[in-house]
Amino acid sequence: MLVSWNTTNQCNMFCDHCYREAGARLAEELDTDQAKKLIREIKKAGFHIMIFSGGEPLMRPDIYELGTYATKQGLRAVLGTNGSLITPEVASALKEAGFMAAGVSLDSLDPKKNNAFRKLDRAFELTLEGMENLKVAGLPFQVHTTVMDWNVNELEGLTDFAVEIGAMAHHIFFLVPTGRAVNIEEEGLRVAEYEKTIARVMEKQKQVNIEIKPTCAPQFMRVADKKGIPVRFSRGCLAGISYCIISPRGDVQPCAYMDIRLGNVKEKAFDYIWQENVMLQELRSAEYKGKCGICDYKERCGGCRARAYYYSGGDYMAEDEWCLYRPRGHEGHE
């Protein structure tokens, strides 16, 4: 079980696809004491991994204190970062604070494309320096890439780069229109290209010894099964089942890409929200509509609940129309 906390909305980048629309710090973000209370409640709820993300979490002054606190509570603390602020001193401080790993975003091997997407001059250069500094400090890291129509042909190259630089994994995020990403929805992959790209990614997994994981593309479980590729994951979409996210102000959401507020940790304990919320219980029921409801991969995949929510106009239990698979009992069964 893993939970992600957007520690702050403050960020030194202004990425086109940001689901949180990060940039400026928000009023009423959780303070240090509220954050520590949240960490205790996350542990009580049974979570094991806590992702400190943003915005850019390194712009939060108490990030090291909170990482140490989470570690002492028995959580595995990891960082989700754009990497541009990771100097040698920062990398060492993260290691000393107890952070166990970092996910670093890189979207293109072409510096101009990457920097344009991230809206920061030298973003590419600074991110690579950050990765090198993590490596020197002995803090494991993985590369995170958001796949778009303009970088889809770079994915294998980015995986090779991840291997070369010493990353432990390459996680590939498939765009879900949320936040600023609504404005670039047309740059996301269309249905046929989506399926084709998942297949390409899983074929690449056969060639490298680091983990490749499609994210927000739970159909990769079906593709991996059919190709005989072993994966360590038991399920595709985790939203509300073994994963959720908390905003900088303390709002709990089932996932980063479903902007549905389930409660606020300033008003109710996180563990209470996690256990008692009606929407979370519905997501755990797996009583999906349409082809997702009769699919033989229902338990392994689950369909992307966020994509179903967006393209159905607000029904998070709807079928995932981005999936080409036709299950048994469905017209056109494969």
Taking 4.0 angstrom as the limit, do [X] and [Y] come out as a salt bridge?
X	Y	value
E203	K206	yes
E132	K135	yes
K113	D107	no
D259	R261	yes
R222	E195	yes
R40	D271	no
R190	E193	no

- Note on the structure: dist I51:CD1 -> T7:OG1 (nearest 0.5 Å) comes out at 12.0 Å
- Task: Flag this pair as yes if the NZ/CZ of R235 is under 6.0 angstrom from the six-membered ring centre of Y243 and inside a 45 degree cone about the axis; otherwise no.
- Result: no
- Is the NZ or CZ atom of R284 positioned over W274's six-membered ring, under 6.0 angstrom from the centre and within 45° of the axis? yes
- Indicate yes or no: at least one non-hydrogen side-chain atom of K213 is less than 4.5 angstrom from one of H171. yes
- Item | Greater than 12 external heavy atoms within 6.0 Å of K266's NZ | yes
- Within 6.0 Å of CG in N183, more than 12 heavy atoms from elsewhere: yes
- Query: Does F117 have its ring centroid less than 6.0 Å away from the ring centroid of W150?
  - Reply: yes
- Message: Looking only at the aromatic ring of each residue, does the gap between the centers of F270 and F47 stay below 6.0 angstrom?
- Response: yes
- Query: Are any side-chain N or O atoms of S53 and backbone N or O atoms of G80, one a donor and one an acceptor, separated by less than 3.5 Å?
  - Reply: no
